[in-house]
Amino acid sequence: MAKADASKLDWNNLGFEYMDLPYRFTAHWKDGKWQDAGLTEDATLHISEASPVLHYGQAAFEGMKAYRTPDNHIQLFRPDRNAARLRNSCERLLMPVFPEDKFVDAVKEVVKANADFVPPYGNGATMYLRPLIIGTGGVIGVHAAPEYIFTIFAMPVGNYFKGGLTPVNFTTSQYDRAAHKGTGQAKVGGNYAASLLPGEKAHDNGYADCVYLDPVEHRYIEEVGSANFFGITKDNVFKTPKSPSILPSITKYSLLYLAEHNLGLGVSEEKIDVHDLDQFAEAGACGTAAVISPIGGLEHDGNLHTFYSETEVGPVTKKLYDTLTGIQFGTVEAPEGWVQTVE
Ligand code: PLP
Ligand code: COI
């Protein structure tokens, strides 16, 4: 694949696609320690055919973004939270932890080295960063790998869901994403492999993605395959599902804080019954890639439940979006410690 050329990119029409940028960070775990850490131009990983990542899915990743501010600085949003979540994911899959402070430094190194690819301020485009750790080395029994590769690569991106701030429709899934005591809280590759077929069925039926229900009763909303779910009740409470099998979304916890402290809404993490959607005036999907994507309608058992509108973002969702993205792009004051400047 040809290296990307920043001078040829159309910043206003970026999708969510892989690009091979000049630099990525890699480190190798060998003989019980991290070594050979630093930037490299090589976008290809060379690994054993018997690597546990290939057979047994020993892989964890993160998703985070770098934002260009109106005064041309570049900043990160809560990167310490991504470092902490990757630690949890690694512990769940018996992988060595890349030290959290070094993780944040490495992210900054990648952003600086590829700074030409951080989109200009103004149209919501950002640099997406993908930290990834995989189990390598030759193993054929079901065991943790003897070696690991940690890498962070990056690319400029636009909207994840095509609508941006225009609502999209979702459908509930007949499939489960994760079990209550499984790996749903960890950001591990297997959860996403399991979501490919349900996601494709949802797309084939004209939906942006599916919303999973709880794996026990198939009654309570879990999350979207690539984002968390929230609803704004008719009496202005920001509600989001509580479940042991969903990803602890950094965006969701940020919105819970901002809804309460900046917008003065009530907030609640609780079980949300798919038969009780009438309580919501607005609903959305939230995440690093998704940012906030308003949900126009949610199909369940053949019925499409519509929220605020299938064409217009609701007023509370819009306020949350403006507050969150304002903080991320440096135009709204951030709560203490949420933003770190790269350059
Ligand atoms: N849920 C899933 C399954 C995800 O893949 C993501 C994306 O990271 C999220 C939720 C949102 O998490 P965050 O806000 O930390 O990006
Ligand atoms: C993210 O929002 O960073 C994600 O990881 C979602 C996705 C692209 C899988």
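Both counts, for ligands and for their atoms, begin at 1 and track the order of listing. Computed from heavy atoms alone, side chains included, the values below leave out hydrogens, waters and symmetry copies.
- For ligand 2, the 4.0 Å heavy-atom shell contains residues Phe16, Phe61, Gly63, Tyr128, Arg130, Tyr160, Lys187, Tyr192, Ser226, Thr288, Ala289.
- The distance between the ring centers of Trp338 and Tyr257 falls below 6.0 angstrom.
- Using a 4.5 Å heavy-atom cutoff, the side chains of Phe170 and Phe229 are not in contact.
- Between Phe161 and Asp209 there is a side-chain heavy-atom pair separated by less than 4.5 Å.
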Between ligand 1 and the protein, find all N/O pairs closer than 3.5 Å and give the distance for each.
unit_1   : atom_1 : unit_2 : atom_2 : d
ligand 1 : 1 (N)  : Glu223 : OE1    : 2.5
ligand 1 : 5 (O)  : Lys187 : NZ     : 3.1
ligand 1 : 5 (O)  : Tyr192 : OH     : 2.6
ligand 1 : 8 (O)  : Lys187 : NZ     : 2.8
ligand 1 : 12 (O) : Ser249 : OG     : 3.4
ligand 1 : 14 (O) : Ser249 : OG     : 2.7
ligand 1 : 14 (O) : Ile250 : N      : 3.3
ligand 1 : 14 (O) : Thr251 : N      : 2.9
ligand 1 : 14 (O) : Thr251 : OG1    : 2.5
ligand 1 : 15 (O) : Arg85  : NH1    : 2.7
ligand 1 : 15 (O) : Arg85  : NH2    : 3.1
ligand 1 : 15 (O) : Ile250 : N      : 2.8
ligand 1 : 16 (O) : Thr288 : N      : 2.9
ligand 1 : 16 (O) : Thr288 : OG1    : 2.5

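- The side chain to side chain contact (heavy atoms under 4.5 Å, CB included) search around Asn169 returns Tyr207, Leu304, Glu310, not counting sequence neighbours.
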Let me see the working for Lys3 and Glu41 under salt bridge (charged side-chain N to carboxylate O under 4.0 Å, His left out), right down to the final yes or no. CA-CA 10 Å; Lys3 291 270 177 211; Glu41 291 179 46; 5.9 Å; no
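- Using a 3.5 Å distance cut-off with no hydrogens or angles, the side chains of Thr183 and Arg92 do not pair a donor with an acceptor.
- Figure legend: cation-pi geometry between Lys65 and Tyr128 absent, as NZ or CZ is not positioned both under 6.0 Å from the six-membered ring centre and within 45° of its axis.
- Under the 4.5 Å side-chain heavy-atom criterion for ILVMFWY residues, no single connected hydrophobic cluster contains both Val168 and Tyr321.
- Evaluation of the side-chain hydrogen bond (donor to acceptor under 3.5 Å, both in side chains) rule for Asn88 yields no partner, not counting sequence neighbours.
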